[in-house]
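Residue indices begin at 1 and follow the sequence shown. Note that these values count all heavy atoms, side chains included, but never hydrogens, waters or copies made by symmetry.
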Amino acid sequence: MGQDSPRAPELLESVAEYLVGELRPEVPREQRFKVLVAANVCAVVAREIRAGEAPDREDLALFNELLGEETGDVHAAAAELSRRLRAGELDDRIDELTPRLEEHVRRKLAVARPGYTEP
């Protein structure tokens, strides 16, 4: 059974806000970057928790489609797709693959760096 509010994402966001808003000005200048890194980690993990399994499911479906085979492991599918791309085995399909792989990158950026793809 889950906990009542605040939930993990809200707690992580609160820690990130505290680190940036209150702690960062108090730490020595040469240590402030580390505080920002810690705050960013908290924010990314909060977004990953909120996103749930959907991005991995979408990526797995995409990778399976591009590979033309079914696998149940998104990491194995990504590794195999990467291997084939590096080996040049998919060069004849690059115009088809590029926009599809951009979907994957946009999903990753939505968690890691929201707003990055916006003009």
Nearest 0.5 Å, please: how far is [atom2] in [Y] from [atom1] in [X]?
X: Glu103; Y: Arg100; atom1: CD; atom2: CZ; value: 4.5 Å
X: Arg7; Y: Arg50; atom1: CZ; atom2: CZ; value: 10.5 Å
X: Leu90; Y: Glu96; atom1: CG; atom2: CD; value: 9.0 Å

Within the distance-only criterion (no hydrogens, no angle test), does the side chain of Arg107 pair as donor or acceptor with the backbone N or O of Ala54 below 3.5 angstrom?
no

Is Arg24 reaching over with its side chain to a backbone N or O of Arg32, donor-acceptor style, under 3.5 angstrom?
no

Can you get from Leu62 to Leu85 by hopping between Ile, Leu, Val, Met, Phe, Trp and Tyr side chains that sit under 4.5 Å apart?
yes

Does Ile49 share a hydrophobic cluster with Val41, counting links as ILVMFWY side-chain heavy atoms below 4.5 Å and allowing steps through other members?
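Yes; Val41 is reachable from Ile49 via cluster members.
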
Indicate the atoms forming the closest heavy-atom contact of [X] with [Y], along with that distance.
X: Glu48; Y: Val111; result: CG-CG1, 3.4 Å
X: Ala77; Y: Asn64; result: CB-OD1, 4.3 Å
X: Pro55; Y: Gly52; result: CD-O, 3.6 Å
X: Ala16; Y: Ala43; result: CB-N, 4.4 Å
X: Pro25; Y: Val20; result: CD-O, 3.8 Å

Please tell me if the side chains of [X] and [Y] come closer than 4.5 Å, counting only heavy atoms from C-beta onward.
X: Leu81; Y: Leu101; result: yes
X: Thr98; Y: Ile94; result: yes
X: His104; Y: Phe63; result: yes
X: Glu80; Y: Thr71; result: no

Before accepting this row, confirm whether a basic side-chain N of the pair Arg47/Glu13 lies closer than 4.0 Å to the acidic partner's carboxylate O.
no

[X] atom [atom1]: more than 12 heavy-atom contacts under 6.0 Å:
X: Arg113; atom1: CZ; answer: no
X: Glu53; atom1: CD; answer: no
X: Asp95; atom1: CG; answer: no

For Leu23, which fellow cluster members are found when Ile, Leu, Val, Met, Phe, Trp and Tyr are connected by side-chain heavy-atom distances below 4.5 angstrom, either directly or through intermediates?
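Result for Leu23 is Val15, Tyr18, Leu19, Val27, Val35.
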
